[in-house]
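Start at 1 with the first residue, then count along the sequence. Basis for what follows: all heavy atoms, side chains included, without hydrogens, waters or symmetry-related copies. Given the structure is predicted, the values throughout are model-derived calculations rather than measurements.
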Amino acid sequence: TDALILEELNREFRKIEPELGAGALVIGEDGAGGYFFIDGNGSKVNFYDHEWQQHAPEFPSIRNYYEYCLEVEKRSSVSP
């Protein structure tokens, strides 16, 4: 289920970044090892790049992240 997937993503993230992960809630991943997460204040969605081991704000709100996910889904369901 989606809940189990998110639980596993959060477990993985906390292993990689224990200090950052303790105050974050992972809400998605990019399919290449990066994580999208909400920080402690929940005002924006951040992206953690596993290759650079850095994070930065990616979307100004959860709504913007949701719209991005819908667009990705739409593009992936279109046949070439």
Would you say that H55 contacts D49 through its side chain, given a criterion of any heavy-atom pair below 4.5 Å between the two side chains? no

Are any non-hydrogen side-chain atoms of F36 and F59 less than 4.5 angstrom apart? yes

For the CG atom of L6 and the CD atom of E29, what is their distance to the nearest 0.5 Å? 9.5 Å

Does any non-hydrogen side-chain atom of Y48 lie less than 4.5 Å from one of I16? yes

Within a strict 4.5 Å, meaning less than it, do heavy atoms of the Y68 and E58 side chains meet? no

Whether D2 side chain and I5 backbone form a donor-acceptor pair below 3.5 Å: no

Could you check whether Y35 and F47 have their ring centres less than 6.0 Å apart? no

To the nearest 0.5 Å, what is the distance between SG on C69 and NZ on K74? 14.5 Å

Salt bridge or not for K15 and E12, using N-O below 4.0 Å? no

Do you know the tightest heavy-atom contact between L9 and V26? CB-CG1, 3.8 Å

So how far is it from L25 CG to D39 CG, rounded to the nearest 0.5 Å? 10.5 Å

Mind checking the CG-CG spacing from L20 to N46? Nearest 0.5 Å is all I need. 8.0 Å

Going by heavy atoms in the side chains, are Y65 and I38 under 4.5 Å from each other? no

After noting the C-alpha distance and the side-chain angles of I27 and V45, does the key distance pass the side chain to side chain contact (heavy atoms under 4.5 Å, CB included) rule? CA-CA 9 Å; I27 58 173; V45 176; 4.0 Å; yes

Side chain to side chain, P60 and K44, heavy atoms closer than 4.5 Å: no

Quick check: do E71 and R75 have side-chain heavy atoms less than 4.5 Å from each other? yes

